[in-house]
Amino acid sequence: MRFYQILILYCLSFIFCTPALFAQANQGIKLHGTVADSTNKQPLPNASIYNEQAQNTTISNDEGGFEIYADALPVTLNISYVGYQTQKITVTDPTQQLSIVLSPASISLDTVLVGRDNAVQLIRKAFEKVYAHATRKYYGKGYIRQFTKEGDTYTGMQEAIFNGQWQSFAMTGWQPLQTRYANLEKSMISFTNFSFFSFMSTGYLPSNVVRKPVTKRPDSLYDCRISQYITGSNMHEIAVIMCTPKTNKTDNMFVGKIFIDTENYDVLKIDGKIVNFSFDLSGPLKLKDTEVNTIVNFKKTADGATVLDFADIKFTSKAAFGFVTAKKLFYDAKILMYDYDDTLSKEKYMTITPKTDDVGLMKNIPYNSEKWDGNTMISHTPLENEIIRSFERRKLISNYLR
């Protein structure tokens with residue numbers, strides 16, 4: 001896999017500018033709160049919060065915090081997280097700090113069903129269900145946020161609103177509509193094309209970039225075993241399948257858990273790492289001790305199709321020049337698809353490839369600071385807000401027209 005430009009611009013973008021693009025924010029009554037685990041009281045990142053009346057959605061940030069907008073009160077919110085019991089609450093007070101506590105789903109360890117053979121059968125059935133329409137394209141509105149850090153210093157941030165074209169193996173096309181970014185000029189490395197890898201990580205079928213076990217023959221490359229069963233929000237049984245590559249010589253292989261509904265064979269979530277992560281850099285710069293963690297959640301459309309809900313990708317590595325190891329590098333991307341709409345198929349989409357000229361693509365997108373003030377699809381953490389304020393004080397935040 002090739003990521004051609006390592007220049008230090010922090011460019012790419014995922015996510016959406018007219019007022020309609022900020023339908024989650026900038027409209028109505030802002031509700032805010034936190035989501036935590038009932039057993040240890042720790043924050044739950046990536047919990048889904050859905051407004052039944054307005055039909056808008058968001059996810060909790062890395063500290064469990066969230067913001068979501070309502071047209072009027074009272075409003076009913078559904079809070080869900082695969083592996084936990086879904087909770088439904090009614091909100092009547094807009095000033096209330098919502099404190100949501102989710103309990104782990106019930107667990108079953110049936111010694112007859114837990115094991116390798118049943119895991120392979122479930123994965124095959126999941127593959128057979130989606131393979132017939134694997135090339136179908138789904139269109140929707142999306143949001144992406146990216147941060148980069150070198151050592152202890154945050155060097156870049158980027159947010160974007162976009163129209164997206166998603167298929168069961170990856171995000172394959174996009175149309176950025178509004179972006180903002182900040183970048184320190186003396187950054188060591190640019191993740192200009194790293195967004196390509198992030199988009200390619202959003203499917204449940206394997207792509208030509210990331211290998212995954214949901215195939216016709218999952219046991220050809222993976223050792224797959226059911227570790228446990230849990231009860232889903234629809235009361236279906238969910239198999240938690242641990243998939244481990246049989247070889248450590250293949251680049252960019254997923255290793256981790258796949259959550260499959262045992263009644264309808266939907267893939268609900270993948271949670272793990274990309275091992276043997278590899279891409280080519282120009283010049284003497286090399287990366288070592290690289291680790292890529294990925295969580296991808298899926299949801300149902302109105303017609304019953306399984307599509308991308310959100311993705312959370314965290315990358316850490318060390319830059320090395322010859323035998324000298326420099327600073328530790330960090331990249332964090334969150335992608336949220338918040339509104340699927342088939343009418344968006346009429347829009348023009350740029351194919352996502354390693355050679356995508358992110359900078360050139362962004363240059364013609366007007367920047368509207370008022371649209372971004374307090375209007376994000378995923379609530380910032382206090383640290384993220386401080387990073388943004390720091391960039392603002394140094395007058396670094398803009399879009400590519402600056």
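A quick note: this is a predicted structure, and the numbers were derived from the prediction, not measured.
In the model, S198 has a side-chain atom that pairs as donor or acceptor with a side-chain atom of Y331 under 3.5 Å. Between the side chains of S317 and T290, at least one donor N or O lies within less than 3.5 Å of an accepting N or O. No donor-acceptor contact under 3.5 angstrom links the side chains of T316 and E291, judged on distance only.
In terms of heavy atoms, K212 sits closest to P206 at N-CB, 3.6 Å. Residues K257 and V240 share a closest heavy-atom pair of CD-CG1, 3.8 Å. The two residues L102 and Y84 come nearest to each other via the heavy atoms O-CD2, 3.6 Å. For the pair R389 and P382, the tightest heavy-atom approach, listed with the atom from each and the gap, is NH2-O, 4.5 Å. For L122 against Y265, the heavy-atom pair with the smallest separation is CD2-CE2, 3.7 Å. For the pair L336 and F310, the tightest heavy-atom approach, listed with the atom from each and the gap, is CD1-CB, 4.1 Å.
Atom-to-atom distance recorded for C224:SG and I241:CD1 is 7.0 Å, nearest 0.5 angstrom.
The main-chain N or O of T76 is found under 3.5 Å from a side-chain atom of Q53 such that the two form a donor-acceptor pair. Using a distance-only test at 3.5 Å, with no hydrogens or angles considered, a donor-acceptor pair links the side chain of R211 to the main chain of D251. One N or O on the side chain of Y340 and one on the backbone of L308 form a donor-acceptor pair closer than 3.5 Å. Not a single donor-acceptor pair under 3.5 Å links the side chain of E63 to the backbone N or O of P43. Under a 3.5 Å cut-off, the side chain of K137 and the backbone N or O of S345 do not form any donor-acceptor pair. Without hydrogens or angle criteria, N56 side chain to I68 main chain gives no donor-acceptor distance under 3.5 Å. No donor-acceptor pair closer than 3.5 Å links the side chain of D271 to the backbone N or O of G256. Judged purely by atom type and a 3.5 angstrom limit, S60 has no side-chain atom pairing as donor or acceptor with the backbone of F66. Judged by distance alone, the side chain of T262 and the main-chain N or O of A239 form no donor-acceptor pair under 3.5 Å.
With sequence neighbours left out, K300 forms a side-chain hydrogen bond (donor to acceptor under 3.5 Å, both in side chains) with D266.
Between F277 and F197, the two ring planes are perpendicular [angle over 60°; tilted spans 30° to 60°]. Classification of the F147-Y154 ring pair by plane angle, with boundaries at 30° and 60°, yields perpendicular.
Using a 4.0 Å cut-off between charged nitrogen and carboxylate oxygen, D332 and K314 count as a salt-bridge pair. Using a 4.0 Å cut-off between charged side-chain N and carboxylate O, E159 and K334 make no salt bridge. A salt bridge links D219 with R124; the closest basic N to acidic carboxylate O contact falls under 4.0 Å. Taking a cutoff of 4.0 Å between a charged side-chain nitrogen and a carboxylate oxygen, D62 and R145 do not qualify as a salt bridge. The residues K125 and E128 are annotated as not salt-bridged, no charged nitrogen and carboxylate oxygen being separated by less than 4.0 angstrom.
Looking at heavy atoms from C-beta onward, Y81 lies in side-chain contact with K269 at the 4.5 angstrom threshold. Within the 4.5 Å cutoff, no side-chain heavy atoms of T148 are placed close to those of F330. With contacts defined as side-chain heavy-atom distances shorter than 4.5 Å, the pair M157/R180 qualifies.
The aromatic ring centroids of Y139 and Y349 lie less than 6.0 Å from each other.
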